[in-house]
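Here's the structure, in structure tokens; my notes come after.
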Amino acid sequence: HFLVSDRMVKVKAIGGLRNNINLIAQASRNLLLFREPAQVTAETQAIETARSANDGIYEQLDKSLVKPESRALLKTVESGRDQFRQSLQAFLGHIEKNDVNTAIEVLNNQLQPAQTVYLKAAGALADHQFALMSAEANASEDSATNASRLSLGLSLAGAAIAAYLAWVTTRSVTQPLAEAVKMANKVANGDLTHHVQITSNDEVGQLLNAQQAMSDKLRTLIGDLKSA
């Protein structure tokens, strides 16, 4: 989720950029209304603070945006910013000269159109980052789903292997025991000709070996008795 969080930071930064653009535009309009020196100073400082903040945001975005499309959109933002700055400087110059009529003209014909272009460029960059964030969130969910499916598949495979091993282990015990029972029944019925193939040295193998030895000795004994 790191990628999603990183995109969110960028979207938030661009939101701050757009907010500062609007603050600058509002303070510029206020400069046409306020005539008191303190008010003019306050609005001018507000413009400088917002402009400085945007410089910091742009520097942050310039370092963090690496995808070609993101870089191209940031370049458009930079172009809009430069045009907005030029119009703002012209506007503030006329305000400083107390040339209100020309300042109004610059505001209407230069600053406001430049503001619109600047905001549109920042909005396009924000939309692009949001689209990337959504795509990365979906990819993260798909990866989590695939990981869950893989985990389930491995669990089922593990269970199948465990069941097979249990079957093999059980068969390795029950099959020799069945042979032992079969041989015991043969001996009990007087059939001493049955011979078993012993394939293990465990307790069951030893039991079969003992039964086979007993059957062989009984067969030998009966043969000796018949010969006597």
Side-chain angles (χ1 to χ4, degrees), residues 1-140:
H1 299 288
F2 169 76
L3 290 175
V4 175
S5 299
D6 181 58
R7 296 291 175 201
M8 181 62 75
V9 170
K10 292 170 183 174
V11 169
K12 185 177 180 181
I14 298 168
L17 185 78
R18 297 169 74 181
N19 186 55
N20 287 331
I21 295 170
N22 287 325
L23 287 176
I24 292 171
Q26 182 179 353
S28 298
R29 287 190 291 271
N30 288 342
L31 286 174
L32 294 174
L33 302 175
F34 299 153
R35 298 270 58 90
E36 291 294 328
Q39 292 175 321
V40 172
T41 299
E43 296 302 325
T44 303
Q45 287 179 346
I47 290 173
E48 290 304 317
T49 299
R51 187 159 58 176
S52 177
N54 272 359
D55 288 342
I57 292 172
Y58 184 86
E59 184 178 350
Q60 173 191 343
L61 293 172
D62 188 40
K63 290 178 180 178
S64 61
L65 295 176
V66 294
K67 289 183 177 292
E69 189 172 353
S70 297
R71 297 293 305 174
L73 289 170
L74 183 63
K75 197 70 178 175
T76 304
V77 172
E78 181 181 8
S79 176
R81 180 191 65 172
D82 291 344
Q83 186 60 47
F84 184 73
R85 277 182 171 178
Q86 292 175 13
S87 300
L88 180 62
Q89 283 301 115
F91 172 80
L92 292 176
H94 291 298
I95 289 293
E96 188 176 354
K97 296 175 184 177
N98 202 26
D99 187 357
V100 177
N101 290 333
T102 306
I104 293 174
E105 225 179 281
V106 171
L107 178 71
N108 292 331
N109 300 327
Q110 297 181 35
L111 187 58
Q112 286 184 344
Q115 176 194 2
T116 300
V117 171
Y118 194 8
L119 285 172
K120 184 178 179 180
L125 180 59
D127 291 343
H128 178 64
Q129 292 303 306
F130 189 80
L132 291 175
M133 181 176 65
S134 299
E136 286 159 359
N138 291 334
S140 178

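Each residue takes its place number in the sequence, starting with 1.
- Among all heavy-atom pairs drawn from Arg71 and Leu65, the shortest one is CD-O, 2.8 Å.
- Within the 4.5 Å cutoff, the side chain of Ile21 has no heavy atoms near those of the Leu23 side chain.
- To the nearest 0.5 Å, atoms CG (Asp82) and OG (Ser87) are separated by 11.0 Å.
- Looking at His94 and Leu31, their side chains never come closer than 4.5 Å, going by heavy atoms from C-beta outward.
- Considering all non-hydrogen atoms of both residues, Ser28 and Leu88 come closest at OG-CD1, 3.5 Å.
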Report task. Apply side chain to side chain contact (heavy atoms under 4.5 Å, CB included) to the pair Phe91 and Leu32, showing each step before the final yes or no. Result -> CA-CA 10 Å; Phe91 172 80; Leu32 294 174; 4.0 Å; yes
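- Between atom CD of residue Glu43 and atom CD of residue Glu36 there is a gap of 13.0 Å, rounded to the nearest 0.5 Å.
- In this structure, CD in Glu78 is found 7.5 Å from CG in Asp62, a value given to the nearest 0.5 Å.
- For the pair Leu132 and Lys67, the minimum side-chain heavy-atom distance is below 4.5 Å.
- Heavy atoms only, all atoms of each residue included: Ser70 and Leu125 are closest at O-CD1, 3.9 Å.
- In this structure, Gln86 and Gln89 have side chains that are not in contact, with every pair of non-hydrogen atoms separated by 4.5 Å or more.
- Atom CD of Gln39 sits in a crowded spot, with more than 12 heavy atoms from other residues, nucleotides or ligands closer than 6.0 Å.
- Minimum heavy-atom separation, Ala126 to Val11: O-CG2, 4.2 Å.
- Annotation for Leu107 and Pro113: closest pair O-CD, 4.2 Å, computed over non-hydrogen atoms.
- Side-chain atoms of Leu73 and Gln129, non-hydrogen and from C-beta on, never get closer than 4.5 Å to each other.
- A pairwise comparison of heavy atoms in Lys10 and Ser64 identifies NZ-O, 3.2 Å as the closest pair.
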Report task. Check the pair Val77 / Leu61 against side chain to side chain contact (heavy atoms under 4.5 Å, CB included), numbers first and verdict last. Result -> CA-CA 11 Å; Val77 172; Leu61 293 172; over 6 Å; no
Requested in this report: Show your reasoning for whether side chain to side chain contact (heavy atoms under 4.5 Å, CB included) applies to Gln83 and Val117.
Outcome: CA-CA 9 Å; Gln83 186 60 47; Val117 171; over 6 Å; no
Report task. Give the C-alpha distance, both sets of side-chain angles, the deciding distance and a yes or no for side chain to side chain contact (heavy atoms under 4.5 Å, CB included) between Ile95 and Thr44. Result -> CA-CA 10 Å; Ile95 289 293; Thr44 303; 6.0 Å; no
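- Between the side chain of Thr116 and the backbone N or O of Gln112, at least one donor-acceptor pair lies under 3.5 Å.
- Between the CD1 atom in Ile24 and the CD atom in Glu48 there is a gap of 8.5 Å [rounded to 0.5 Å].
- Under the 3.5 Å distance criterion, the side-chain polar atoms of Arg85 are left unmatched by any main-chain donor or acceptor of Gly80.
- In terms of modelled atom types and a separation under 3.5 Å, the side chain of Asn108 and the main chain of Ile104 share a donor-acceptor contact.
- Checked against Asn20 for a side chain to side chain donor-acceptor pair (under 3.5 Å), the options Thr49, Asp55, Asn54 give a single hit: Asn54.
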